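Please read the structure below before turning to the comments.
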Protein chains: 2
Amino acid sequence: MRKRRSNPAYLNGVPELLVLQLLDRRPMYGYELVQAIRAASGCVFEFGEGCIYPILHRLEADGLLKASEQASAGRTRLVYRVTKAGQKQLAEAASAWQKVVATVQQVIQGGSHGQPAMA
Amino acid sequence: MRKRRSNPAYLNGVPELLVLQLLDRRPMYGYELVQAIRAASGCVFEFGEGCIYPILHRLEADGLLKASEQASAGRTRLVYRVTKAGQKQLAEAASAWQKVVATVQQVIQGGSHGQPAMA
DNA sequence: TTGCAGTACCTCGAACCCCGAGGTATCGTC
DNA sequence: GACGATACCTCGGGGTTCGAGGTACTGCAA
């Protein structure tokens, strides 16, 4: 019994990449980020909190994000911003992603015609 | 201690997609396919046999591939070809992948500045 | 003939990622 | 004080991929 997920195919380092990207653009707290991803992707990606929070914690532990408490209407929010190392990592992750995309594209499209081999 | 794999980020449905794509272009046996992926991707993807064989078996069990024995120089090879259902699945997987790629691109590039901060 | 590298198949366990469901606490409203 | 929304968090399960290992046959060379 093969169960299908709601996401198109579901990804790997993609959530991490998007988190870094969106936080680099504008510091946010977790709950906000979850909705920002949904909005920015036009509901294509719907990463839940159970996906985002662990990533946030890991990224912070790795020194790629920095969290700071921020009281807002009596509620405490943990706002995350990207560190210098995080920006470096973001650039690397983005370029790695581009490479993967380009390679898949190349395999799928390129080399398709002129295939000798007998059909 | 975060261990990094050799692959850029490592993927999810991508090996499956490439397997279907390459086999649709030309039927192959497993060992050949492993090397074909490496070659076609310019050594960017190096999916081992431990990755490819299980996919092959799963795809066959799902009726997306059909295997046929083929003796060659005393050695028995299991040549896989894509079935009709497999071609349908290939088209779907490819389009799902395109959608993911487009969405990520949109989040990364689009809407970067002038973000009205949502209210 | 023995040994070894290459071909060709396979499986297992570990690592990892993402999801869904659940748990806590506060705030504002009814 | 019950409820829903906000805001944080964790855990377990299912699925995927990786690496290492195991088998068996071929051809070649010592």
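Heavy-atom basis, side chains included; hydrogens, waters and symmetry copies ignored. Chain naming here is simple, since letters A, B, ... match the order of the sequence lines and numbering starts at 1 in each. Here the structure is a predicted model, which means the values were calculated and not measured.
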Do A/Gln21 and B/Gln109 have side-chain atoms, one donor and one acceptor, less than 3.5 Å apart?
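No pair is found: no donor N or O on one side chain lies under 3.5 Å from an acceptor on the other.
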With a 4.0 Å cut-off on heavy atoms, is A/Gly30 in touch with a base, just the backbone sugar-phosphate, or nothing at all?
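Counting heavy atoms under 4.0 Å across all strands, the contact made by A/Gly30 is with sugar-phosphate only.
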Touch check for B/Arg77, heavy atoms < 4.0 angstrom, all strands: base, sugar-phosphate only, or nothing?
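Sugar-phosphate contact only.
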For the pair made of [atom1] in [X] and [atom2] in [N], what is the distance, rounded to whole Å?
| X | N | atom1 | atom2 | value |
| --- | --- | --- | --- | --- |
| B/Leu33 | C/dT7 | CG | P | 16 Å |
| B/Ile52 | C/dC10 | CD1 | C1' | 14 Å |
| B/Arg75 | C/dG6 | CZ | C1' | 8 Å |
| A/Arg58 | D/dT10 | CZ | C1' | 16 Å |
| A/Arg38 | D/dT6 | CZ | P | 11 Å |
| A/Glu69 | D/dA7 | CD | P | 15 Å |
| A/Ile55 | C/dC17 | CD1 | P | 9 Å |
| B/Gln70 | C/dT7 | CD | P | 18 Å |

State, to 0.1 Å, how close A/Gly63 and A/Ala85 come at their nearest heavy-atom pair, and which atoms those are.
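Here A/Gly63 and A/Ala85 meet closest at O-CB, 3.9 Å.
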Compare the minimum distances between each of C/dC18, D/dT16, C/dT11 and the side chain of B/Pro54, then state the nucleotide with the smallest one.
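Closest nucleotide among those given: C/dT11.
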Heavy atoms from C-beta onward define the side chain here; which of C/dC9, D/dC18, C/dC18 lies closest to that of B/Tyr53?
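So the nucleotide nearest the side chain must be C/dC9.
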Which pairs with one or both residues in residues 75-103 of chain A pass ring pair (Phe, Tyr, Trp, His ring centres under 6.0 Å), sequence neighbours excluded?
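Found A/Trp97-B/Trp97.
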More 5' along DNA chain D: A/Thr76 or A/Cys51, using each one's nearest nucleotide?
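This one resolves to A/Thr76.
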More than 12 heavy atoms of other residues, nucleotides or ligands under 6.0 Å from CD of B/Gln70: yes or no?
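Counting neighbours around CD of B/Gln70, 12 or fewer heavy atoms of other residues, nucleotides or ligands fall under 6.0 Å, so no.
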Ranges pairing with ranges for DNA chain D, where each run has three or more Watson-Crick or G-U pairs under 3.5 Å
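Counting only runs of 3 or more consecutive pairs, the stems involving DNA chain D are C:1-30 with D:1-30.
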If the cut-off is 4.0 Å, is B/His57 near the phosphate of C/dT11, judged by side-chain N/O to OP1 or OP2?
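B/His57 to C/dT11 OP1/OP2: side-chain N or O found under 4.0 Å.
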Salt-bridge present (B/Arg58, B/Glu16; N to O < 4.0 Å)
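Salt bridge between B/Arg58 and B/Glu16, a charged N being under 4.0 Å from a carboxylate O: yes.
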Let me confirm one number: the CG-CG distance from A/Leu64 to A/Leu56, rounded to the nearest 0.5 Å.
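Atom-to-atom, A/Leu64:CG and A/Leu56:CG are 11.5 Å apart.
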Hey, which sits more toward the 5' end of DNA chain C by its nearest nucleotide, A/Glu49 or B/Tyr31?
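It is B/Tyr31 whose nearest nucleotide is closer to the 5' end.
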Measure centre to centre between the rings of A/Phe47 and A/Phe45, then say whether the value is under 6.0 Å.
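Ring centres of A/Phe45 and A/Phe47 closer than 6.0 Å.
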